[in-house]
Structures are given as C-alpha cells and as structure tokens.
Amino acid sequence: MSSEQKIGSVSNCEAVRELIPDYAFGLTDAEQNRFVEAHLPLCAEAAAELAEFRQIQAEMRADVQQVEPPLSLEAKLMAAIAEPNSAPVIRTPIQDAPSLTPITREPRHRVLPLGWLAAAAAIIALVLSNGYWLGRVNDLNEEKAQLAGQLVANNGTDTPAFVLTSTSGLRWVRLPPAEEAADTSAFLMWNAESKIGLLYAHGFPELAVGKTYQLWLTRGETRTSVGTFRVDAEGKGAMLFSSEEPIDQFTWARITDEPENGSPQPTGPIVVIGKLST
Amino acid sequence: MQSLFDDIDIMNRITARDQQAFKALYQEYGKAVYSLAYQMLQNSTLAEEVAQDTFVKVWQSKSHWDPKKGKLKNWLLTITQFTAIDRLRHERRQPMLHPDSIEEMAEEIPAYASETLWRDGTVLRLLVQQLPEEQSTLIALAFFRGMSHGDIAEVTHIPLGTVKTRLRTGLQRLRELWLESVHQTSKSS
C-alpha cells in the first residue's frame, strides 16, 4: 500500500471527519491540525463538512446583533490612513468594560517593558517631589509662561500631580522610532481630562550644537508644538508640557529635530512618531 | 447592497491608495465589523479599536481578499474575529493583575446566552434556540471568545472531557440543523 493510499484510507477519513467540528472552531492542537490538513485533500466528505462549518461560521459572524459604531470612528480611520506610515492603533486603557470586567477593567493593562515602567515610576517620583521638570517644561518662553499660569490658576485637573496620580484617566503611549532599526523611543503620559502631559525620551541621538528636539501633537493637517527639549549624554530627556486643548483631542504625536529655539512648523526629520489613543 | 463587482472595484481602488474607496468600504461594512467586535468584546472602547485595527490592516494590505474564496464582507468579518480574539487573549495574559478573573468570568457567562447574541429573524438564532443551552453557550465561548477546551473547562468548572463532548455534539447538531434549514429553503424557493 502506498503512503498516499494509507493517508486516504477509510479509517483515516473517519478520524478526520471526527475532528472536523473541533478543527473548524480552532479547538484542535497542532498535531491534530497537521493530521487534518494532511488528510483533508483526500477525504472529500471531510472537506465538504469543513466547508459547511465555514459557511455556518460566516453566518455566525454576520448575524450577531447589530450595533451602531460611534460617529467618530470614521473620522479616526480616515485620519489614521491619512498619516504617512499609518501605524497600528495604540491601545487605550480600558475604563468602561462592564461585561468584560474580569479581563479588562484595569487601566494598567498596557504592556510595557519593565524598563519603561521603571522609567515612568522614576519620573513620577521626580515630578511629585520637586519642580525640576517644570524648569524643563518648555524652552519656548511664551509656552513656559502659559504653563506657569495654568499651574497657579488650576487646583483641579491641570496640575502635574493630577496628571500623574489620577489613574482613572491615565493614558500613555510609546512613540516608536521613525526608522525601524533605531533604538530611539519616547514615552508620553497624560490624563484624559487634562491639558498637561509628560514626555520621557530615551535613546535619542545627541543633538548638534544649535539644535533641539521639538514635540508636536497633530490632528489632521494641524501640527501644534507643545515644547522643545534636549537630551543628556545618554540620550535621555524629559519634559512636562501643556496644550491649549485636551491632549485626548489630538491624533498623533511626533518629535522632530529642529533649530535651537524650535520651529513654528516641523522642518526636521521625524525621530519618533506614534498614534495617540483617541 | 454591494455587488461583487462593486466590492472588487472598491478593493482595487484601495490597493491604489484611494482614500475615498476606503471611506466607502467603511460606510458599507463598518457597522457589521463594529457589531461583531462589540458582541465579542462587550466593550465599546475595545470594539472601536478592533474595528479600527481591522480596517487599517486592509489599508496596509496586510492580507488580501480573494473574490474566488468568498464575499468581501465574510473576509472582513473573519479579520475582525481574529483581531478581537487576539485582543482577548492579550488581555488574558495578565494573570497577576486579575487573580480573581476565573471566578468573575464564570459570572459573565450568562451574558453569552445565545438568544441575545443573535439578530432577530436570523436562521442562526432559530437554530441555536434548538440547541440545549449547555451546548450553545459553550459554542459561543469557543467561537466568540476564542477559548480552548481547557479555558472553557476552567471558566465553567465543567470537566474537560464533558466540555469536549458537549462542544462536539453541539457543533454536529448545529450543522445538522443548518443543513436541514438550507434544504428547506432550497425546496421552498
């Protein structure tokens, strides 16, 4: 008996048919998958049965109760594909998950490398304990004045302490490097209700004299500068920044290499870029 | 309703980076994609992200639709389902954050009572109504939550062997009922 005949034997076909329901629904293990896939071309009945299950599955996907998507989804999608290098969606910390509570209720779920978590914890400690970071908030004088005004005027949602300690609306994203091979990345943290955010940059190339890094928040064609910063010899830098609008309302964040005092619009190469959660 | 030619045209234009075609694709199928994601995840934020991921994957041409293998809508919904399952599995990989997740998941199973899952008047709703709830719930957990036999046994506190038997029996019965309905439909038309 040839190996092909063995594969296509009646007993094997029966065994394959027995596995088809589980196979169709992804319930078989790797070994069973290999067995089914090896024998399927030679077992017409099993193949037909699998095709029927595939049709049932297509109906199951299409026949669920229909729900209107949020009106904003279309605009978000169009903005996402309008950006160059349209990146995958950055995850939003989950806050409204009644049915999936056991799985998704914690806003802490975003998976971050331990190094990032350690860096974020260190930044929070520094920000809360002294005003050092405020001194680096903004190299542009008018933005610095605006931030100082906000910090004095607001006892509520626009204080650094609120941004970094109110975990109910805390959001963060990693901004990956624009060039795949680079080790550069940045970490952006803000609060859903706030106009203040925190940036931590890591692995950035040392700047040439007369140059600075500038952080931009963008929405559609609008690019809003929220501050400039420099990095130390290890390529690390941080700043607390403010925005006139809630940060949630922006779609992307990017950092570019700009002249020392910053630019009204981005002119230099993008170092890191990432999509915000809204 | 889109014809096959409309779908082929729209996908050809998307391949050529036509943003208006992409918008048209969303307008035609966005609700179906979001609905499936929502029913699987039971969370509007997650559903929105999964729907967004699904359409961005299409734009980035990470997978290609072959009209010979099925309808565009089916292909989109398959991407949606796998994307949603990936997201669910990703969330499940955080055991330290959810020491009580197993017990609480058991409590959420009634949310998957199959009748509420299905659109009124669909054949599937009628068929699933004919299955014992102990089978239809397990089918829903396997299909819409991407759970393995072991996951289901753990969550439901039903012995693994019983889970396997009930699922297989339920799926075979579902197929029989579906075939009967197909034959009846073809006879009456």
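In what follows, chains are A, B, ... by sequence order, proteins preceding strands, each numbered from 1.
Each of A/P69, A/P21, A/A62 has some count of heavy-atom pairs under 4.5 Å with chain B, and the biggest count is that of A/P69. Ranked by heavy-atom pairs under 4.5 Å with chain B, the first of A/E18, A/E74, A/E68 is A/E74.
Using a 30° and 60° split on the angle between ring planes, B/W65 and B/W75 fall in the tilted class, from 30° to 60°.
With a 4.5 angstrom heavy-atom cutoff, B/Q81 touches chain A only via side-chain atoms. Both the backbone and the side chain of B/L77 come within contact range of chain A, each with at least one heavy atom under 4.5 Å from a heavy atom of that chain. Both the backbone and the side chain of B/T78 come within contact range of chain A, judged by heavy atoms closer than 4.5 Å. Only the side chain of B/K73 comes within contact range of chain A, with heavy atoms under 4.5 Å apart. Proximity to chain A (any heavy atom under 4.5 Å) is restricted, for B/L179, to the side chain, taken from C-beta onward.
Side-chain contact of B/Q39 with A/Q65: a donor-acceptor pair under 3.5 Å is absent, judged by distance alone. Defined by atom type and a distance below 3.5 Å, a donor-acceptor pair is present between the side-chain atoms of A/Y23 and A/E37. Remark: the A/N33 side chain and the A/T28 side chain contain an N/O donor-acceptor pair separated by less than 3.5 Å.
Of the charged side-chain nitrogens involved, at least one lies within less than 4.0 Å of a carboxylate oxygen, so that B/R168 and A/D22 count as a salt-bridged pair. Ion pairing between B/R173 and B/E176 holds under the 4.0 Å rule for side-chain N and carboxylate O.
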